[in-house]
S.K.: 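Below is a structure I'd like to ask you about.
Residue numbers start from 1 in every chain, and the chains themselves are labelled A, B, ... in the order their sequence lines are given, proteins ahead of strands.
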Amino acid sequence: MSALLSFDKVKTHSHELTLANNLKIALAIQFATKDFKFKINEDESTPKLSIGDSFNLIDTNSILRYAMNDFEGQDSEQYQFALCTLQPQLYKSTDSAEAVTKAATFLQDLSTPSASQLIILANSYALKSEIIKPLLTEKIFKAVTEALKLTPRSSSSFKH
Amino acid sequence: MSELVSKFQSLSVSKETSSLSKEQSALEAQWDSILKSGQVESNLESINLFLRDNAFLLSTLHPTVSDVNVFEAVLPLLKQLVSSTKDSYAKFRHLLRWANYLQTLLEISESDKLVLNFDLELPREVI
């Protein structure tokens with residue numbers, strides 16, 4: 001199956017949201033089922049997956065789930081925490097250390113991660129990377145490196 | 001479970017869609033994610049665009065619980081938009097059509113209903 005994918009290049013939202021979106025897209029490429037062939041659409045500035053003219057996804061959580069064909073665990077406490085607590089924090093700068101510390105407890109075994117775990121991981125990494133870094137496997141680290149390359153640094157990360 | 005979802009599930013139309021394809025499951029995950037992360041308002045245009053080409057949010061022939069959940073969040077936003085500017089009718093015409101169908105199906109009370117002016121002449125939509 002051939003899919004057109006685009007990364008998040010929107011300049012008007014937070015660095016954390018851009019990084020989480022780009023990490024989910026990079027993870028979708030790394031963990032996709034074997035039948036997928038991805039082509040990157042450089043002209044699109046918002047995250048999107050398109051198949052033909054009629055099927056589009058604009059939400060990066062569902063893009064990752066679709067690529068992995070993993071729709072399990074959406075009612076779990078962990079995934080609800082990722083959506084209702086972590087995700088809103090990507091839109092505004094709040095102190096997220098407590099939430100990310102809790103999220104890290106859901107990520108203890110990432111040897112064969114589920115889509116829910118990868119979504120929790122992407123949201124948490126974008127909010128407080130230092131808490132999540134020690135948990136990364138080689139395959140996830142590759143996606144993180146790719147996402148960081150595609151995400152402009154935030155002004156707070158520049159050293160004066 | 002909200003009152004509207006319970007009401008929907010008591011209707012025979014809620015049983016019409018039994019199993020979802022992979023694409024429909026992805027759409028279900030998408031609208032749930034947008035809803036629960038509080039991003040419905042910023043995605044109104046995307047929802048309207050989706051409903052331009054699809055009768056319902058999971059691209060099904062009949063409404064599903066996803067339609068009802070998103071409808072519940074969208075209704076107050078549409079009320080505000082429609083009362084503030086007539087341009088909203090043209091901009092969100094597909095969303096308004098969908099919302100009007102659902103509010104009739106779910107028998108929303110007159111006091112809570114989205115009141116639409118069906119006599120307005122809208123400019124032709126250029127795709």
S.K.: Other residues, nucleotides and ligands only: do more than 12 of their heavy atoms fall within 6.0 Å of NZ on K15(B)?
M.R.: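 More than 12 heavy atoms, drawn from other residues, nucleotides or ligands, come within 6.0 Å of this atom.
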S.K.: Output the distance between atom OG (S62(A)) and atom CG (D32(B)), rounded to the nearest 0.5 Å.
M.R.: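 With rounding to 0.5 Å, OG (S62(A)) is 10.0 Å from CG (D32(B)).
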S.K.: Tell me, do L35(B) and L83(A) make a side-chain contact under 4.5 Å, heavy atoms counted?
M.R.: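 A side-chain contact is absent here, since even the closest heavy-atom pair is not under 4.5 Å.
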S.K.: Got a sec: does the CD of E45(B) have more than 12 other heavy atoms crowding it under 6.0 Å?
M.R.: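 It does not: E45(B) CD has 12 such atoms or fewer within range.
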S.K.: Above 12 or not: heavy atoms from other molecules or residues under 6.0 Å from CD of E41(B)?
M.R.: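 Open.
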S.K.: In terms of hydrophobic clusters joined by side-chain contacts under 4.5 Å, are L86(A) and I63(A) together?
M.R.: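 No, L86(A) does not connect to I63(A) through the hydrophobic network.
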S.K.: Please tell me whether V115(B) and L75(B) are part of a single hydrophobic cluster in this structure, the criterion being side-chain heavy atoms less than 4.5 Å apart.
M.R.: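 Shared cluster, no.
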S.K.: Taking the side chain as C-beta and beyond, is there a heavy-atom pair between M1(A) and K22(B) under 4.5 Å?
M.R.: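 A side-chain contact under 4.5 Å exists here.
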S.K.: Where the side chain of Q30(B) meets the backbone of I58(A), is there a donor-acceptor pair that is under 3.5 Å apart?
M.R.: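 Yes.
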S.K.: Would you say that E28(B) contacts F71(A) through its side chain, given a criterion of any heavy-atom pair below 4.5 Å between the two side chains?
M.R.: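 No, every pair of side-chain atoms sits at 4.5 Å or beyond.
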S.K.: Give the C-alpha distance, both sets of side-chain angles, the deciding distance and a yes or no for side-chain contact (heavy atoms from CB on, under 4.5 Å) between L27(B) and F55(A).
M.R.: CA-CA 10 Å; L27(B) 289 169; F55(A) 183 68; 4.1 Å; yes
S.K.: Go through the atoms of N43(B) and report whether side chain, backbone, both or neither lie under 4.5 Å from a heavy atom of chain A.
M.R.: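 Interface part for N43(B): side chain.
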S.K.: Please check if the number of heavy atoms outside E98(A) that lie under 6.0 Å from its CD is greater than 12.
M.R.: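 It does not: E98(A) CD has 12 such atoms or fewer within range.
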S.K.: How long is the gap from CG on N56(A) to CD on E23(B), to the nearest 0.5 Å?
M.R.: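 With rounding to 0.5 Å, CG (N56(A)) is 11.5 Å from CD (E23(B)).
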S.K.: Honestly curious: do F31(A) and V144(A) fall in one hydrophobic cluster under the side-chain, below-4.5 Å linking rule?
M.R.: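 Looking at the clustering, V144(A) is in the same group as F31(A).
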S.K.: Could you tell me the separation between the CD atom of Q39(B) and the CD atom of Q87(A), rounded to the nearest 0.5 Å?
M.R.: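 With rounding to 0.5 Å, CD (Q39(B)) is 8.0 Å from CD (Q87(A)).
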S.K.: Under 4.5 Å between side-chain heavy atoms, hopping through other hydrophobics if needed: is there a path connecting Y79(A) to I34(B)?
M.R.: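 Cluster IDs for Y79(A) and I34(B) differ.
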S.K.: What part of Q80(A) lies closer than 4.5 angstrom to a heavy atom of chain B: side chain, backbone, both or neither?
M.R.: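 For Q80(A), the contact with chain B is made by the side chain alone.
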S.K.: Of S33(B), S37(B), S46(B), which is the lone residue that meets side chain to side chain donor-acceptor pair (under 3.5 Å) with D59(A)?
M.R.: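 Of all the options given, the one that passes is S33(B).
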